[in-house]
There are 2 protein chains.
Amino acid sequence: MARAATTADAFNAVAEPRRREILDVLAGGERTVSELVELLDLAQPHVSRHLRVLREVGAVEVRDAGRQRVYRLQPKALKPIHDWVSGYADLWAERFGLLDGVLDDIREQEKQDGH
Amino acid sequence: MARAATTADAFNAVAEPRRREILDVLAGGERTVSELVELLDLAQPHVSRHLRVLREVGAVEVRDAGRQRVYRLQPKALKPIHDWVSGYADLWAERFGLLDGVLDDIREQEKQDGH
DNA sequence: TCTTTGCATATCCATATGGGTATACGATGA
DNA sequence: TCATCGTATACCCATATGGATATGCAAAGA
């Protein structure tokens, strides 16, 4: 149980940096597996497996093109993530207003200054 | 390597459903560990460990109160997630307009109808 | 000071998973 | 039909991690 029950959800799929990279590439347009392999500097089996995870959560879709398989993005699969995190965005952005942001920056600066 | 290198980032912290629950509770206000244990129906050591992960990515902060420890949310830690996913939100929401959403709904309906 | 309370940590176990490598399989072309 | 190409899958290994349980430790109270 390296991850609790719902291991096949969008949150988990996206927790893997490589898979975010794949999605980022696909955001620029459809790609074949071999193109992804080349772009990501990853072994082909690994790309295929990451693509499988992304398929299982609906974040990508496939289309056959001869012996190639063309993957494309299905961004709607990421909507649950967006919906969830947006509630928190309200907390840091709108609820406290600008002053709070300034204070946060100051605290951050102090932390970086070694205190 | 159950997860690639950057295992201690916000994306990973949030991939765990239990940890999202904890954050959701804390969004309602500060809580002690024992309060979280009670609310989440989780063993105390598990809550403590999840809190630790959340602390490591800066999503929560602690304050001592006698022998209790009060945790509070630090939503800014989730900003990287929000920033990343917002780019995709544009893809499904703004770029194609309303028509696309309608078409998607139709496709979805067809899929549910068994084709 | 001794006990209790509240929490963090250590340890054990089981499992999910990422990388590496080999291989199977379908489509295309000779 | 046979060889090759493009992908997917099967293994193997190492490791991260979640749950369970036991324990350590500091703070508060008797």
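The chains referred to below are lettered A, B, ... by the order of the sequence lines, with proteins before strands, and numbering in each begins at 1.
The separation between A:Glu38 atom CD and D:dG6 atom P is 11 Å, rounded to whole Å. One atom, NE2 of A:His50, and another, P of C:dT17, lie 12 Å apart when rounded to the nearest Å. A:Leu51 has its CG atom 16 Å from the C1' atom of C:dG19, to the nearest Å. Taking atom CG on B:Leu40 and atom P on D:dG18, their separation rounds to 15 Å, with Å as the unit. One interatomic measurement links the two molecules: CZ of A:Phe11 to P of C:dA16, which rounds to 21 Å at whole-angstrom precision. Nucleotide C:dC7 holds its P atom 15 Å from the CG atom of B:Leu42, rounded to whole Å. In this entry the distance linking CZ of B:Arg18 with P of D:dG18 reads 11 Å, nearest Å. Rounded to an integer number of Å, the gap from CZ of A:Arg63 to P of D:dT7 is 12 Å.
Residue A:Ser48 has no polar side-chain atom (N or O) positioned under 4.0 Å from OP1 or OP2 of D:dT9. Distances shown here put every side-chain N or O of A:Asn12 at or beyond 4.0 Å from the OP1 or OP2 atom of C:dA16. The shortest distance between the side-chain N/O atoms of A:Tyr71 and the OP1/OP2 oxygens of D:dA8 is below 4.0 Å. Dashed line: the shortest gap from a side-chain N or O of B:Arg49 to OP1 or OP2 of D:dG19 is not under 4.0 Å. At least one side-chain nitrogen or oxygen of A:Arg69 sits closer than 4.0 Å to the OP1 or OP2 atom of D:dA8. OP1 or OP2 of D:dT7 sits under 4.0 Å from a side-chain N or O of A:Thr32. Contact annotation: B:Gln68 side-chain N/O to C:dT5 OP1/OP2 distance is not under 4.0 Å.
Here the closest heavy-atom approach between residue A:Val85 and residue B:Leu78 is recorded as CG2-O, 3.8 Å. A pairwise comparison of heavy atoms in A:Arg18 and A:Leu40 identifies NH1-O, 3.9 Å as the closest pair.
Listed by chain and residue number, nothing satisfies the ring-ring contact (aromatic ring centres under 6.0 Å, His included) test with B:Tyr71 (two or more places apart in sequence, or in another chain).
The CZ atom of B:Arg31 sits 10.0 Å away from atom CD of B:Glu38, with the distance rounded to the nearest 0.5 Å.
Among the nucleotides D:dA8, D:dG18, D:dT7, the one closest to any side-chain atom of B:Glu16 is D:dG18.
Side-chain atoms of A:Arg20 come within 3.5 Å of backbone atoms of A:Val14 as a donor-acceptor pair (strictly under, hydrogens ignored). Judged purely by atom type and a 3.5 angstrom limit, A:Glu16 has no side-chain atom pairing as donor or acceptor with the backbone of A:Ala13.
Annotation: side chain of B:Arg72 is in contact with side chain of B:Arg63 (closest heavy-atom distance under 4.5 Å).
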Can you give one letter per nucleotide of nucleotides 21-30 of chain D, 5' to 3': B if a protein heavy atom sits under 4.0 Å from the base, S if only from the sugar-phosphate, - if neither? BB----BB--
